Every structure is written in structure tokens, then in C-alpha cells.
2 protein chains.
Amino acid sequence: MVQEEQERRERQGSAEATRLALLMAALRLFGRNGYEATSTREIAAEAKANIGSIAYHFGGKEGLRAACAEHIVATIKAIAGPAVGLDGDAPSLEQKAAEDVLVQGVMRMIGFIVSQPQAGEFVQFVLRELSVAGPGVDVLYDGVFLPVHRRLCQLWGQATGQDPESERTRIAVFAMVGQVVYFRIGREAVVRRMDWPTIGPAEAARLGAVIAENIRAMVAAHRETQR
Amino acid sequence: MVQEEQERRERQGSAEATRLALLMAALRLFGRNGYEATSTREIAAEAKANIGSIAYHFGGKEGLRAACAEHIVATIKAIAGPAVGLDGDAPSLEQKAAEDVLVQGVMRMIGFIVSQPQAGEFVQFVLRELSVAGPGVDVLYDGVFLPVHRRLCQLWGQATGQDPESERTRIAVFAMVGQVVYFRIGREAVVRRMDWPTIGPAEAARLGAVIAENIRAMVAAHRETQR
DNA sequence: GTCTATAAACAGATAGAC
DNA sequence: GTCTATCTGTTTATAGAC
């Protein structure tokens with residue numbers, strides 16, 4: 001009886017482990033090479049699991065794709081949510097303070113998105129899913145894009161003194177985000193043009209410095225104009 | 001004799017036509033859905049040609065991919081090259097004039113990249129090829145990215161009075177480009193967040209206005225700082 | 001040059017032993 | 001839950017008729 005239960009727990013524990021290994025392998029490979037370019041056999045090999053297990057745990061390749069999207073959303077909710085006030089209960093800030101929080105947040109984004117290799121693969125998964133409007137775009141939009149963008153708009157509004165949900169603010173925030181993510185999308189072009197061997201934390205900091213400067217300039221400009 | 005030659009020319013003419021039809025179909029489908037997600041059968045169907053013709057004209061699917069990259073480079077060289085002075089023989093401009101040329105150029109880029117549906121597919125092909133560092137990334141980098149980025153750095157340098165090839169300038173120009181291309185990559189998120197049915201010329205103009213504002217602010221900031 | 005038929009490899013899904 | 005073997009469909013590439 002007791003032994004049986006222990007066995008069951010062990011099996012469940014290692015089952016969870018297999019599930020997670022498959023999920024991480026899929027996230028990595030889907031992100032790096034794309035969904036269609038990745039075979040279930042590759043995923044199983046990368047996760048050191050067998051091919052059948054993906055059908056067992058996720059129902060199939062498509063199920064794995066959906067699980068990846070959900071996992072990313074859950075991670076964002078758990079990590080970034082409370083850390084940067086993604087839930088809407090963030091305190092109101094004075095202009096200069098809001099600008100600082102905005103710049104600090106974007107610089108953290110740069111470090112995370114651009115220089116962390118594994119993070120980059122997750123980001124690429126998201127951007128790829130977005131660019132083909134694949135399944136999972138709904139959950140990713142509602143769980144990642146919308147809350148992050150809303151929060152940035154809030155900060156932008158407090159920093160510039162403008163309506164945080166105005167068309168102009170929403171566009172400006174998209175442009176700001178674009179400055180950051182392009183360094184991931186265009187990574188290959190960046191390393192060639194910058195003549196860097198890779199983009200590590202040191203290089204990311206150099207990018208962050210310029211982007212911070214840009215954001216402060218943009219905020220200042222939007223603060224002046226009355227619309 | 002004469003008849004034979006005419007036949008040959010006709011065959012060659014229609015051969016060129018099939019070749020081009022295949023090329024355009026591939027560019028469209030690769031751009032929209034990705035290389036691996038696109039089958040040669042789809043391409044042949046879209047081009048109203050048969051499957052064998054792609055092997056005949058391009059040697060295979062990979063050859064078609066390479067031909068797409070080369071075609072884009074040739075197009076850029078032919079169109080954008082002389083129009084915006086991509087060849088390095090552009091005149092030196094006074095600060096304010098350079099800023100205007102820069103802003104005008106970027107706004108044209110916005111209209112082209114974001115609102116033209118067929119152009120968008122080409123852009124997506126390029127960005128996708130770049131993001132996986134696939135074959136053709138060499139020819140695309142040398143033929144598109146490098147000349148465009150160099151030219152923008154030139155203009156940026158003239159507008160800000162800074163070294164056009166300094167690290168800071170190169171990064172700033174990447175950031176500027178990122179503002180633009182993100183509206184293509186993140187198109188799906190943009191239309192949802194902006195609550196636009198699509199991004200047509202009217203919406204592109206609204207984006208362009210904000211981006212132009214941003215660029216002017218960035219240029220002004222970089223002009224002030226001495227480094 | 002075009003088109004069809006087919007080969008050879010590979011995909012994802014599944015059944016069933018353990 | 002894991003793992004193997006296998007089924008079924010699809011892929012690209014190719015050979016050869018026209």
C-alpha cells in the first residue's frame with residue numbers, strides 16, 4: 001500500500017519532470033528554428049525522452065505548442081507581474097520618478113531579451129508566434145503583450161503628463177518597445193555591423209545606454225507638446 | 001529556321017515568366033508562412049506552374065530560397081540605391097537638411113514596410129531569414145542591411161554632427177530602424193492594441209507622425225551631447 | 001521546357017508490450 | 001508513464017515521356 005503510493009508519487013514526479021523537459025526543449029527549438037522546422041523527434045531527443053511521451057503529455061505537437069504559450073504567460077505573470085506592477089495596482093508616480101522607472105524597466109528588458117541566450121529563445125518563440133498569427137497568439141497577446149504594453153503606457157503617461165491610453169501614447173510605447181526587440185530579431189545583423197563576437201551583458205549595457213538616452217529624449221519631447 | 005528561333009524565343013519568354021512566377025510565389029509564401037512551412041507543391045500551385053519546374057529552374061527548394069534572397073537584393077539595388085544614395089556618392093548636407101532627409105526616408109520606409117501588403121511579405125522573408133541566420137543571410141546582409149544602415153548612419157552623422165561610424169551612431173541607427181520594423185513584426189499586436197481593422201496608408205501615416213517626432217527628439221538629444 | 005509518375009526519406013500519430 | 005514498432009500521409013527530388 002505505502003510502497004504503491006510511493007511508486008505512484010515517484011512516477012508522477014518523474015512524469016512532471018519529463019513533461020517539463022519536453023516543454024523546455026520545445027520552447028527552445030521552436031524559438032530557435034520555428035515550429036514547422038522542428039520535428040517531434042528532435043524535441044524528444046533534446047529532452048532525453050521518447051517520441052511517444054509527447055503524445056501522452058500534450059496530445060500531439062500542436063498541444064505542445066499551446067503548452068509553450070501558456071507556460072510563457074504563466075512565467076510572465078509570476079515573475080514580471082508583481083515585480084513591475086502588471087496587475088494595475090501600481091502607485092502613481094511623479095514625472096521624473098516615472099521616467100526613471102520606465103528607463104530602468106526598459107534597460108532590464110534589454111538585458112533579458114538581448115543577452116540571455118535562453119531568454120532569447122523564449123522571446124523568439126513569442127515573436128514568431130505573433131508574426132504568423134499562429135495559435136497561441138490570443139493567449140500570448142492577453143497574457144503578455146497587453147499587460148506589458150498597458151503598464152508601459154501607464155508609466156509613459158505619468159512621465160509625460162499625457163493620457164496613458166491616447167493613440168499617441170500607445171504608438172509611442174510600441175515604438176519604444178521596437179527599439180528593444182529589434183536587437184533580438186536583427187541580432188545577426190547587429191553583431192556583424194557592430195563587429196561584436198556576440199551580444200553578452202557588456203554589449204547589452206552599451207545598447208541600453210543609447211536606448212535610455214533615446215527614451216529620455218522621446219519622453220522630453222512628448223512632455224513639451226500639448227495634444 | 002526563322003520559325004524555330006521564334007519558337008525558342010517564345011519558350012524562353014514563357015520560361016522566364018514561369019521562373020518569375022515561381023519566384024514571386026515563393027517570396028510571398030516564404031514570407032507569410034516561413035520556409036519550412038511552405039511546400040513546393042503550394043508554391044507551384046500559387047504560381048500556376050507544375051512541381052517539376054522548380055527543380056528545373058532553381059535546382060530545388062533551397063535554390064529557390066537563395067534566388068529569393070538574390071532577387072530582393074537586386075530589387076533594392078535597382079530601386080532604393082539611386083533613389084536614396086545607397087552607393088556612397090550622396091552629397092554632404094547641412095544639419096537641418098540631413099535631419100529632414102532622414103525623417104522623410106524613414107517615413108517612406110514606414111509606408112512601404114507597414115502598409116503595403118506585398119512589401120510586407122518581402123520584409124518578413126528578410127527578417128525571418130535574418131532571425132534564423134539561414135542561408136542567404138550573407139547576401140541579404142551585404143546587399144540590404146549593410147548599405148541601408150551605412151546610408152542611415154551617414155545621414156545621422158550629418159544631422160547630429162557626430163562621427164557617422166562611431167559605435168554610438170551605429171547603435172542609435174539600429175534603434176531607429178527597430179522603431180519602424182517592429183510595426184511589421186508586431187503587426188498583430190498593434191492592430192489589436194490600437195483597435196484598428198488593419199494597417200493601411202492612413203494608419204501608417206499616423207504611426208509615421210509619432211515616429212518622426214521621436215527621431216527628431218533623438219537627433220536633437222544626440223546633437224547636444226558631445227562624445 | 002513542361003509535366004507526370006515514382007522513389008526515398010521523413011513527418012506526426014497510434015497501438016500495445018512492459 | 002515509458003518506450004518501441006508501425007501505420008499513414010506528406011515531403012523533396014528525380015527519371016523519363018512528351
Side-chain angles (χ1 to χ4, degrees), chain A residues 3-30 32-69 132 134-136, chain B residues 3-30 32-69 132 134-136:
Chain A
Q3 200 187 338
E4 262 179 34
E5 187 164 328
Q6 192 175 342
E7 263 181 43
R8 193 168 56 85
R9 211 173 316 162
E10 263 173 34
R11 262 178 305 182
Q12 279 187 351
S14 80
E16 239 340 277
T18 324
R19 206 193 110 93
L20 200 68
L22 284 168
L23 197 59
M24 298 313 267
L27 219 28
R28 195 160 31 236
L29 290 169
F30 288 163
R32 198 182 313 157
N33 308 323
Y35 177 77
E36 285 88 0
T38 305
S39 73
T40 53
R41 285 169 169 82
E42 273 182 87
I43 297 168
E46 174 103 357
K48 293 187 214 301
N50 72 75
I51 320 98
S53 60
I54 122 152
Y56 176 80
H57 285 286
F58 303 97
K61 197 186 181 185
E62 274 295 337
L64 191 44
R65 180 188 213 163
C68 285
V132 298
Chain B
Q3 201 187 336
E4 265 178 33
E5 187 164 329
Q6 193 175 342
E7 264 180 43
R8 192 170 56 84
R9 210 172 316 161
E10 263 174 34
R11 264 178 304 183
Q12 279 185 350
S14 80
E16 236 346 274
T18 16
R19 206 193 111 94
L20 200 69
L22 285 168
L23 197 59
M24 298 312 269
L27 219 29
R28 194 160 32 233
L29 290 168
F30 288 162
R32 197 182 314 158
N33 308 323
Y35 177 78
E36 284 86 2
T38 306
S39 75
T40 52
R41 283 169 170 78
E42 272 182 86
I43 297 167
E46 174 103 358
K48 293 188 216 300
N50 72 77
I51 320 98
S53 60
I54 122 153
Y56 177 81
H57 285 286
F58 303 97
K61 197 187 181 184
E62 275 295 338
L64 190 44
R65 179 187 213 164
C68 285
V132 297

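Below, each value reflects all heavy atoms present in this structure, side chains not excepted, and no hydrogens, waters or symmetry copies. Since the model is a prediction, treat every value here as computed from it, not as a measurement. Chain A is the first sequence line, chain B the second, and so forth, proteins listed ahead of strands; every chain is numbered from 1.
- For the pair B:Asn50 CG and D:dC18 P, the interatomic distance rounds to 16 Å; values are reported in whole Å.
- Residue A:Ile43 contributes atom CD1, which lies 7 Å from atom P of C:dG12 at whole-angstrom precision.
- Every residue two or more places apart in sequence or in another chain that forms a side-chain contact (heavy atoms from CB on, under 4.5 Å) with A:Ala25 is listed here: A:Arg28, A:Ile43, A:Glu46, A:Ala47.
- Mapping A:Gly52 and B:Thr38 onto DNA chain D by nearest heavy atom places A:Gly52 at the nucleotide closer to the 5' end.
- When every heavy atom of B:Leu22 is checked against every heavy atom of B:Ala44, the shortest pair comes out as CD2-CA, 4.2 Å.
- Closest of all the heavy-atom pairs between A:Glu42 and A:Ala37 is OE2-O, 3.5 Å.
- No side-chain heavy atom of B:Phe58 sits less than 4.5 Å from a side-chain heavy atom of B:Arg65.
- Within the model, atoms CD of B:Glu16 and OG1 of B:Thr18 stand 8.0 Å from one another, a figure rounded to the nearest 0.5 Å.
- Note on B:Ser53: every side-chain N or O is 4.0 Å or more away from OP1 and OP2 of C:dT2.
- Considering only side-chain atoms of B:His57, the nucleotide from D:dT2, C:dT2, C:dG12 that sits closest is C:dT2.
- As a whole-Å value, the separation of A:Glu36 CD from D:dT11 C1' is 14 Å.
- Nucleotide D:dT2 holds its C1' atom 12 Å from the CG atom of A:Leu22, rounded to whole Å.
- Between A:Thr40 and C:dA11, a side-chain N or O to OP1/OP2 separation shorter than 4.0 Å is absent.
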Could I get a table of every N or O pair under 3.5 Å where one atom is in the protein and the other is in nucleotides 6-10 of chain C?
none

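- Across A:Asn50 and A:Ser53, no two heavy atoms sit closer than the pair O-OG, 2.5 Å.
- The OG1 atom of A:Thr40 sits 11.5 Å away from the CG atom of A:Leu29 when rounded to the nearest 0.5 Å.
- Side-chain atoms of B:Ala15 lie closest to C:dG1 of the nucleotides C:dG1, D:dA13, D:dT2.
- Look at CD on A:Glu62: it is 14 Å from C1' on C:dA11, rounded to the nearest Å.
- Rounding to whole angstrom units, CD1 of residue A:Ile51 and C1' of C:dA13 are separated by 11 Å.
- Set against C:dG1, D:dT4, C:dG12, the side chain of B:Tyr56 has C:dG1 as its closest nucleotide.
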task = Let me have DNA chain D in dot-bracket notation, would you? Count Watson-Crick plus G-U wobble pairs, both distances under 3.5 Å, and use [ ] for pairs crossing earlier ones and | for inter-strand partners.
result = |||||||.||||||||||
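- With rounding to whole Å, A:Phe58 atom CZ is found 16 Å from C:dT14 atom P.
- For A:Lys61 and A:Tyr35, the positive end sits near the middle of the six-membered ring, less than 6.0 Å away and at most 45° from its axis.
- What separates CD1 of A:Ile54 from P of D:dC3 is a distance of 14 Å, to the nearest Å.
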